[in-house]
Peer 1: 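First the structure, which I've put down as structure tokens, then a few questions once you've had a look.
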Amino acid sequence: MTIRTRFAPSPTGFLHIGGARTAYFNALFAHRHGGQYLLRIEDTDKSRSTPEAVAQIIESLAWLGLSPDAPPVMQSTREARHAEVAHALLAAGKAYRAYETADELKAMREAAQAEGRPPHYNGYWRDRAPGPAEAEKPFAIRIKARREGSTVVNDLVQGRVEVRNAELDDMIILRSDGTPTYLHAVVVDDHDMEITHVIRGDDHLTNTFRQCMVFDAMGWARPEFAHVPLIHGADGAKLSKRHGAVGVLEWRDQGVLPEAALNALLRLGWGHGDTEIITHAEAQNIFDIADVGRAASRMDYAKLNHINGVYLRAAEPARLAAMVAERLSPDAVGLARIEALMPAMQERAKSVLELAEGARFALGHGAPPADEKARAMLTEEAQGRLARLAQALGGAEWTKPALEACLKTFAEAEGVKLGAVAQPLRAALTGSLQSPPIDAVLAALGREEALFRIAAAS
RNA sequence: GGCCCGUUCGUCUAUCGGUUAGGACACGGCUCUUUCACAGCUGAAAGGCGGGUUCGAUUCCCGCACGGGUCACCA
């Protein structure tokens with residue numbers, strides 16, 4: 001049997017990192033076992049679903065490299081099938097028509113809660129045939145839940161979980177307007193799509209038992225379930241917008257590399273000995289859903305930055321230069337400088353955003369306005385030294401090693417430490433006291449521009 | 001409130017009855033150094049509480065506390 005998993009978000013907002021991790025686990029598990037990883041957009045709630053959200057989810061997954069192995073299934077296109085199954089259950093006597101209105105049900109729930117009873121449906125129509133009074137009334141279809149015994153799920157992550165059937169009530173599977181409810185649609189789709197393993201957030205764990213009612217009533221084999229714990233914010237509460245960057249696309253905009261994002265997400269709730277840096281390819285070989293922990297974990301942005309730095313250092317300079325160029329829109333000369341600088345810059349950045357900010361000085365003619373510290377560095381003494389340095393540089397071969405050698409000899413000749421030369425030079429060239437190594441800056445800027453900037457500062 | 005799940009350094013985690021409880025990030029110190037980083041060394045830092053079971057519990061069981069999830073004609 002082919003292993004088949006699916007990621008099934010509802011398009012009511014952007015894809016957040018919790019969903020992204022769930023998608024990653026699904027992809028990893030399926031591919032690890034030579035199976036297929038699918039995407040189903042759960043858009044049966046027309047009032048909350050938007051095409052923009054659908055597009056954003058697909059874009060987010062594509063950015064992460066988690067595009068599904070087949071075109072996404074839109075749940076809304078399958079409503080006729082959902083209704084068909086509901087009516088089959090009705091015909092088989094495993095479901096029944098219920099005639100209460102939504103308002104009546106709400107009142108019923110409130111009354112039950114006021115009396116301290118669980119807010120379950122009372123089963124009024126379960127064994128009652130509709131009379132003439134109901135002939136014209138709209139009805140919902142409810143499934144007949146078992147009332148005796150209990151339901152057991154052997155969850156791949158949570159282990160054996162048992163719930164007494166008395167805790168469940170006769171849930172609605174088809175609304176009075178003929179549309180399916182989520183709990184029903186999910187089961188029908190998972191069955192029809194031949195999903196073998198349902199990997200999702202553990203906020204669905206208790207739903208699982210209701211879904212089992214549909215699987216069982218239809219005589220369908222239940223898939224394996226794996227409920228992975230949720231990701232929480234730094235304060236331990238469920239992730240929400242107030243926790244900062246929780247959208248996948250926000251990470252991208254803040255300069256996170258997709259491969260770093262996957263690594264960070266993977267290490268939340270799952271570990272493999274002492275290994276911290278695990279690429280997608282490596283994860284493919286060692287990931288096991290059964291090793292996922294049961295406790296919720298908190299998003300650690302400091303660690304994400306660190307991981308991002310690791311991947312940044314390993315990335316192709318040309319790729320990084322292109323990403324920076326996208327943010328800075330340089331001209332041809334500027335682009336060439338960024339490319340020349342990149343190997344030195346990627347050693348010290350934690351994000352593409354930092355890379356772009358750090359590369360700004362290289363653009364255009366003349367250095368950007370010096371900041372306070374840089375101005376303080378350009379004392380009269382330093383300016384004099386820069387002027388002499390310009391002379392020395394004038395005859396130098398314009399390559400990084402030659403420039404470095406030139407600076408060292410110059411410093412020696414001046415009888416000062418290299419820092420006394422490099423720092424004023426850095427100030428003159430970049431307008432700041434923080435930059436890539438100064439020989440790299442010199443080389444990237446080119447002779448003409450470098451000498452121009454030195455002259456302007458001395 | 002009922003039901004379900006969880007609880008190892010600040011954070012992410014390793015440990016699958018016997019360890020000086022390991023690693024990573026963050027934090028302090030040192031080294032390297034042309035700034036910033038990187039790297040290396042080093043320091044501080046953990047099994048919620050109470051009972052069992054056992055020669056021995058972080059590990060198994062029970063209770064409590066705390067945290068989370070879920071109880072819709074939402075998904």
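No experiment lies behind these values; they were computed from the predicted model shown. Order of the sequence lines fixes the chain letters, A, B, ..., with proteins taken first and strands second; residue numbering starts at 1 for each chain.
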Peer 1: Nearest whole angstrom, please: distance from the P of C5(B) to the CZ of Arg200(A).
Peer 2: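 Interatomic distance, CZ of Arg200(A) to P of C5(B): 16 Å.
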
Peer 1: Applying the Watson-Crick and G-U wobble criteria at under 3.5 Å, what pairs with C71(B)? Answer none if nothing qualifies.
Peer 2: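 Checking every strand shown, C71(B) finds its partner in G1(B), with both distances under 3.5 Å.
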
Peer 1: Over how many whole Å does the gap from Ile278(A) atom CD1 to G23(B) atom P extend?
Peer 2: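 Going from CD1 in Ile278(A) over to P in G23(B) covers 17 Å.
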
Peer 1: Just compare U7(B), U34(B), C3(B) and give me whichever is closest to any side-chain atom of Arg164(A).
Peer 2: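 For Arg164(A), the side-chain atoms sit closest to C3(B).
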
Peer 1: How far does the P atom of G40(B) sit from the matching atom of C49(B), given to the nearest Å?
Peer 2: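 It works out to 35 Å between them.
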
Peer 1: Using atom P of each nucleotide, how far apart are C62(B) and U53(B) to the nearest Å?
Peer 2: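 Their P atoms lie roughly 15 Å apart.
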
Peer 1: Does A21(B) have a Watson-Crick or wobble mate here (both distances under 3.5 Å), and if so which one?
Peer 2: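 Pairing partner: none.
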
Peer 1: Paired with C60(B) by Watson-Crick or G-U wobble geometry, both distances under 3.5 Å: which nucleotide is it?
Peer 2: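 Base-paired to G52(B).
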
Peer 1: In whole Å, what separates the P atom of U19(B) from that of U59(B)?
Peer 2: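 Result for the P pair: 13 Å, nearest Å.
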
Peer 1: Considering every strand shown, what is the Watson-Crick or G-U wobble mate of C27(B) when both distances are under 3.5 Å?
Peer 2: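 G43(B) - that is the nucleotide pairing with C27(B), both distances being under 3.5 Å.
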
Peer 1: For G23(B), does the base pair up with any side-chain atom of Glu276(A) as donor and acceptor (N or O, under 3.5 Å, distance only)?
Peer 2: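 Side chain to base: pair found, below 3.5 Å.
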
Peer 1: Any side-chain heavy atom of Val163(A) within less than 4.5 Å of one from Thr151(A)?
Peer 2: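 Not touching, per the 4.5 Å side-chain cut-off.
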
Peer 1: Consider only side-chain N and O atoms of Gln423(A) and Arg426(A), and report whether a donor and an acceptor are under 3.5 Å apart.
Peer 2: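 The answer is yes; a qualifying pair exists.
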
Peer 1: So does Asp189(A) pair up with Arg81(A), basic N to acidic O under 4.0 Å?
Peer 2: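 Result for this pair is no, no salt bridge flagged.
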
Peer 1: What integer distance in Å separates Tyr121(A):OH from A72(B):P?
Peer 2: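 It is 14 Å, rounded to the nearest whole Å.
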
Peer 1: Reckon Arg48(A) touches a base, only the sugar-phosphate, or nothing at all at heavy-atom distances under 4.0 Å?
Peer 2: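 Contact class for Arg48(A): base.
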
Peer 1: Can you tell me the distance, in whole Å, between the CG atom of Leu265(A) and the P atom of C25(B)?
Peer 2: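 Distance, rounded to whole Å: 19 Å.
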
Peer 1: Quick one: does NZ or CZ of Arg313(A) land under 6.0 Å from the six-membered ring centre of Tyr311(A), within 45 degrees of the ring axis?
Peer 2: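 Judged by the rule, Arg313(A) and Tyr311(A) form no cation-pi pair.
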
Peer 1: Does a donor on one side chain and an acceptor on the other come within less than 3.5 Å for Thr101(A) and Asp103(A)?
Peer 2: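 No donor-acceptor contact under 3.5 Å links the two side chains.
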
Peer 1: Base, sugar-phosphate, or nothing: which does Leu407(A) touch, judged by heavy atoms less than 4.0 Å apart?
Peer 2: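 Counting heavy atoms under 4.0 Å across all strands, no contact is made by Leu407(A).
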
Peer 1: Look at the side chain of Arg267(A) and decide which nucleotide, out of U13(B), G68(B), A75(B), has an atom nearest to it.
Peer 2: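 Per side-chain heavy atoms of Arg267(A), the pick is U13(B).
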
Peer 1: So if I apply the side-chain hydrogen bond (donor to acceptor under 3.5 Å, both in side chains) rule between His227(A) and each of Gln158(A), Arg294(A), Arg200(A), which one comes out positive?
Peer 2: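 So the option named by the test is Arg200(A).
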
Peer 1: Give me the distance, rounded to whole Å, that separates A46(B) from U58(B) when you measure between the P atoms they each carry.
Peer 2: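 Per the computed distance, 15 Å lies between those P atoms.
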
Peer 1: Compare side-chain N and O positions of Arg109(A) against OP1 and OP2 of C73(B) and report whether any pair is under 4.0 Å apart.
Peer 2: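 Checking Arg109(A) against C73(B): at least one side-chain N or O falls below 4.0 Å of OP1 or OP2.
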
Peer 1: Which protein N or O atoms sit under 3.5 Å from an N or O of nucleotides 35-40 of chain B?
Peer 2:
residue	atom	partner	partner atom	Å
U35(B)	O4'	Gln423(A)	OE1	3.1
U35(B)	O4'	Gln423(A)	NE2	3.3
U35(B)	O2'	Leu433(A)	O	2.7
U35(B)	N1	Arg426(A)	NH2	3.4
U35(B)	O2	Leu433(A)	O	3.4
U35(B)	O2	Ser435(A)	N	2.8
U35(B)	O2	Ser435(A)	O	3.0
U35(B)	N3	Arg426(A)	NH1	3.2
U35(B)	N3	Ser435(A)	O	2.5
U35(B)	O4	Pro437(A)	N	3.3
C36(B)	O2	Arg348(A)	NE	2.8
C36(B)	N3	Arg348(A)	NE	3.1
C36(B)	N3	Arg348(A)	NH2	3.0
C36(B)	N4	Arg348(A)	NH2	3.3
A37(B)	O2'	Arg348(A)	O	3.2
C38(B)	OP1	Lys350(A)	NZ	3.1
C38(B)	O3'	Arg313(A)	NH1	3.3

Peer 1: Counting only side-chain nitrogens and oxygens, does Ser297(A) get under 4.0 Å of the OP1 or OP2 atom of U13(B)?
Peer 2: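 Yes, within the criterion.
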
Peer 1: Using a 4.0 Å heavy-atom cut-off across all strands, classify Thr44(A) as base, sugar-phosphate, or nothing.
Peer 2: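 Thr44(A): backbone/sugar contact only, no base atoms under 4.0 Å.
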
Peer 1: Would you say the base of C73(B) and the side-chain of Thr181(A) have a donor-acceptor pair closer than 3.5 Å?
Peer 2: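 Between C73(B) and Thr181(A), which were checked side chain against base, a qualifying N/O pair under 3.5 Å is absent.
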
Peer 1: In the structure I gave you, are the side-chain heavy atoms of Trp398(A) and Leu403(A) within less than 4.5 Å of one another anywhere?
Peer 2: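 They are in side-chain contact.
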
Peer 1: Any base atoms under 4.0 Å from Leu205(A), or only sugar-phosphate, or nothing? Heavy atoms, all strands.
Peer 2: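 Sugar-phosphate, no base atom in range.
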
Peer 1: What integer number of Å spans the P atoms of U8(B) and U13(B)?
Peer 2: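 Nearest-Å result for U8(B) against U13(B) at atom P: 9 Å.
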
Peer 1: Would you say the side chain of Asn207(A) and the base of A75(B) hold a donor-acceptor pair, judged only by whether the two atoms sit under 3.5 Å apart?
Peer 2: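 Answer is yes: a donor-acceptor pair is held.
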
Peer 1: Find the distance Asp202(A):CG to U7(B):P and express it as a whole number of Å.
Peer 2: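 Answer to the nearest Å: 12 Å.
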
Peer 1: Answer yes or no for Arg142(A) and Tyr121(A): cation-pi contact, defined as NZ/CZ to six-membered ring centre under 6.0 Å and angle to ring axis within 45°.
Peer 2: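 Judged by the rule, Arg142(A) and Tyr121(A) form a cation-pi pair.
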
Peer 1: Using atom P of each nucleotide, how far apart are U31(B) and C12(B) to the nearest Å?
Peer 2: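 It works out to 34 Å between them.
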
Peer 1: Determine which nucleotide pairs with A14(B), using a 3.5 Å limit on both distances of a Watson-Crick or G-U wobble pair.
Peer 2: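 Its partner is none (no Watson-Crick or G-U wobble pair with both distances under 3.5 Å).
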
Peer 1: Say you pick atom P in G22(B) and the same atom in G43(B); how far apart are they, in whole Å?
Peer 2: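 Taking atom P in both G22(B) and G43(B), they lie 12 Å apart.
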
Peer 1: Do Ile143(A) and Met171(A) have side chains that approach each other closer than 4.5 Å (heavy atoms only, starting at C-beta)?
Peer 2: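 Result yes, sub-4.5 Å side-chain heavy-atom pair found.
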
